[in-house]
Amino acid sequence: MPRFLYTLYGRLAIFFILLLFLLGAAVLALTNWSQNSYYQEVTQNLNKNLAMYIVQRAPLIEQGQVNAPRVKELAELVMVVNPIVEVYVLNTDGLILAHSLPPQSIIHPQIDLTPIKRWLASNQHHTIFAQDPRADGLRVFSAFPITHGSHLEGYLYVVLGGQAYQSLSQSLHDSLILKQSLFALAALLIFATIFATSIFSLLTRPLRQLTARINQFGQIQLWLPKTPLYKLNEVDYLNLAFDSMSSRIEQQIEQLETTDNLRRELVSNVSHDLRTPIALMQGYLELLLKPSTTINERTQYVAIAFKHCKQLTHLVKELFELSKLDAGRIQPEKENFSLAELMQDVAQKFSLKADEHNIKLKTDTHTAAFMVFADIALIERVLENLIDNALRYTPNGGTVQLRLVNTPDAVEVQIADTGIGLEAQDIPFIFERYYCANKPSLYNQTSTGLGLAIVKRILDLHGSRIEVESELYKGSLFRFPLPHKQVA
């Protein structure tokens, strides 16, 4: 479809042209109808006494017998003077008794008298139509009763605009005057169309220019959908642009609010979580400055301060990592890789820590590579946090088991431990930032409270969902799926 038909200017022009031609056709039809109606009304009123004059010229029916020669003479005389009339003598039942026309031309030998009687009974004659003996249709007429003394013998029925008139009217359809009139009307319509489309073009030009500018700006700024401009008119396109712009503004406002909330939360968390290790380090450093501090005490204080410094470094790292995940600044770069190899590598990193606490860190021996499609660095971070979390909450002598299970749609990662477990009411909240579940009193391990929150954010980016099964004093099971590798 041409671009012109999609524009507002084009649609207005097409609509106006159609409307103009429809109005032209309606005016022609109305003019033709009104002229015919006027002609019929004038003809009937001008000739309303014609039948009476003919009846008064001579007796047409005497003693029940039609004076055929006289009827024919008068009819031919009247038709010569006025070719549009046809004269008929009817009996009291409407049967045609006499006329001066060829017998084979009569197709309705009996006429309905109802309109004739209504005509005769009416004082003010409006246009009334009666049956045409020679055609299927109604014609205006003049009529008068034929009497003998006081006795009604029949009716003189004069059709106005009979066969001769109809033939003449049909022939005029090809007349030069009619052709010239139609040509003049067509020229007028063409002139009106050109004038109107020029006005429409002038009036819609600013709208077209604005649409083009918005389209250019929107495509450069990438906030407009990839909808071809030529398939929308200007108003629809501006409506689409407004919806896209308002949606983009709402998103930006939400992003600003999220960023602001994250900023305030980060400041609050940093000020809260950094206060304790900094205060402890400051306290031990102050002790180091005292002259009375022995060498052994100095060594002990330095070790404690170093421990808190490492904890502080780890906390700051996780805070910034989680903040970037929440702000959407980290996007996964997915690729195909062997999950079995990655799990072996990560488990190897924690083998020394597991040995220090006498914890068995087990991984299944896999012959399959368990190829998955994900961001290898982010999944490595997930495994590190989950294994570290399992080792931290598993007492000495416990076990941490790492498993990979193939399913029809994905590879499921399972990390089970024989640690302290969780109460049922704590499970829905353990992935929230800084949530601390109730732990047994004999357990005094501490954590930043951010590791599981980071795990959930990373898996959300992969469209994966982590599930937890846990029972207090019996251990926990964390599991999540990763999609199979993609075939190029």
Side-chain angles (χ1 to χ4, degrees), residues 273 277 303-304 306-319 321-322 339-366 370 376-405 412-423 426-427 429-459 466-480 482:
D273 294 321
I304 294 173
F306 180 71
K307 176 183 176 181
H308 287 295
C309 182
K310 287 178 62 178
Q311 181 182 354
L312 182 62
T313 302
H314 183 65
L315 175 61
V316 171
K317 178 182 176 182
E318 289 196 336
L319 274 172
E321 183 177 5
L322 185 59
L339 187 58
E341 292 182 6
L342 178 63
M343 180 172 282
Q344 290 289 347
D345 293 341
V346 176
Q348 188 66 32
K349 293 180 183 179
F350 288 90
S351 60
L352 181 60
K353 181 177 180 180
D355 292 340
E356 290 175 356
H357 296 279
N358 194 25
I359 297 174
K360 295 180 180 179
L361 182 58
K362 297 181 178 180
T363 57
D364 293 341
T365 302
H366 300 292
F370 291 95
I376 186 171
L378 292 180
I379 298 302
E380 181 179 7
R381 185 74 170 114
V382 168
L383 294 175
E384 289 175 350
N385 283 11
L386 289 176
I387 294 173
D388 181 65
N389 186 74
L391 293 174
R392 182 179 291 111
Y393 293 105
T394 299
N396 293 348
T399 301
V400 174
Q401 179 74 48
L402 311 180
R403 291 190 292 268
L404 296 177
V405 179
E412 185 174 86
V413 180
Q414 298 180 358
I415 299 177
D417 63 65
T418 58
I420 62 175
L422 294 164
E423 294 184 3
D426 290 326
I427 293 177
F429 306 103
I430 60 174
F431 295 103
E432 294 183 4
R433 187 185 301 204
Y434 301 111
Y435 181 79
C436 294
N438 294 324
K439 295 184 283 290
S441 57
L442 55 89
Y443 186 80
N444 57 9
Q445 285 274 14
T446 59
S447 70
T448 62
L450 300 176
L452 292 181
I454 292 174
V455 167
K456 186 176 185 305
R457 301 300 192 281
I458 292 175
L459 292 179
I466 188 167
E467 297 179 351
V468 183
E469 297 177 8
S470 184
E471 189 175 350
L472 197 61
Y473 300 113
K474 293 186 178 180
S476 303
L477 170 64
F478 290 78
R479 60 187 179 191
F480 61 90
L482 289 175

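For this chain, numbers begin at 1 and follow the sequence in order. What you see is a predicted model, and the numbers here were worked out from it, not measured in a lab.
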Asks: What distance do Q401 atom CD and D364 atom CG have between them, rounded to the nearest 0.5 Å?
Replies: 5.0 Å
Asks: Judged by atom type as modelled, is there a donor-acceptor pair below 3.5 Å linking the side chain of T363 to the main-chain atoms of L402?
Replies: no
Asks: Considering only heavy atoms from C-beta outward, does the side chain of L404 approach that of Q414 to under 4.5 Å?
Replies: no
Asks: Would you name the heavy atoms of A347 and L361 that are closest together and state the gap between them?
Replies: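 Taking A347 first and L361 second, the nearest heavy atoms are O-CD2, 3.4 Å.
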Asks: Any side-chain heavy atom of V346 sitting closer than 4.5 Å to one from M343?
Replies: no
Asks: Looking at CD1 of I458 and CZ of F480, how far apart are the two atoms once the value is rounded to the nearest 0.5 Å?
Replies: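 The CZ atom of F480 is 9.5 Å from CD1 of I458, to the nearest 0.5 Å.
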Asks: Report yes if some heavy atom in the side chain of N389 is under 4.5 Å from a heavy atom in the side chain of F478; otherwise report no.
Replies: yes
Asks: Step by step, would you call R403 with L477 a side-chain contact (heavy atoms from CB on, under 4.5 Å)?
Replies: CA-CA 11 Å; R403 291 190 292 268; L477 170 64; 4.2 Å; yes
Asks: Quick one: are I387 and I415 in side-chain contact, heavy atoms under 4.5 Å?
Replies: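 In contact.
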Asks: Heavy-atom distance under 4.5 Å between the side chains of L482 and I379, does that happen here?
Replies: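 Yes, their side chains come closer than 4.5 Å.
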Asks: More than 12 heavy atoms of other residues, nucleotides or ligands under 6.0 Å from NZ of K310: is that the case?
Replies: no
Asks: So, for E384 and F350, which heavy atoms are closest and what is the spacing to 0.1 Å?
Replies: O-CZ, 3.5 Å
Asks: Looking only at atom types and distance, does a side-chain atom of D417 sit under 3.5 Å from a main-chain N or O of S476, one as donor and one as acceptor?
Replies: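 Flag set: sc D417 to bb S476 pair under 3.5 Å.
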Asks: Quick one: are L386 and I466 in side-chain contact, heavy atoms under 4.5 Å?
Replies: yes
Asks: Enter the distance from K360:NZ to D355:CG here, rounded to the nearest 0.5 Å.
Replies: 12.0 Å
Asks: Output, in order, the C-alpha distance, side-chain angles, deciding distance and verdict of side-chain contact (heavy atoms from CB on, under 4.5 Å) for D426 and E423.
Replies: CA-CA 5 Å; D426 290 326; E423 294 184 3; 3.8 Å; yes
Asks: What closest approach, in Å, do G398 and T418 show between heavy atoms, and which atom pair accounts for it?
Replies: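 G398 and T418 have their closest heavy atoms at CA-OG1, 3.4 Å.
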Asks: With a sphere of 6.0 Å drawn around CD of Q348, does it hold more than 12 non-hydrogen atoms of other residues, nucleotides or ligands?
Replies: no
Asks: Considering only heavy atoms from C-beta outward, does the side chain of V400 approach that of I359 to under 4.5 Å?
Replies: yes
Asks: Working to the nearest 0.5 Å, report the span between CD of E412 and CG of L339.
Replies: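 CG of L339 is found 11.5 Å from CD of E412.
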Asks: Grab the two heavy atoms, one from S470 and one from G475, that are nearest each other, plus how far apart they are.
Replies: OG-O, 3.2 Å
Asks: I'd like to know if the side chain of N385 and the backbone of G451 have a donor-acceptor N/O pair within less than 3.5 Å.
Replies: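 Flag set: sc N385 to bb G451 pair under 3.5 Å.
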Asks: Once you round to the nearest 0.5 Å, how far does CG of L383 lie from NZ of K349?
Replies: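 The CG atom of L383 sits 9.5 Å away from the NZ atom of K349.
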Asks: Specify the closest pair of heavy atoms between I376 and L342, including all atoms of both residues, with the distance to one decimal.
Replies: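 Smallest interatomic distance, heavy atoms only, reads O-CD2, 4.0 Å.
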Asks: Evaluate the side-chain proximity of H357 to K353: yes if any heavy-atom separation is below 4.5 Å, no if none is.
Replies: yes
Asks: Can you tell whether the side chains of R479 and E469 come within less than 4.0 Å, N to carboxylate O?
Replies: yes
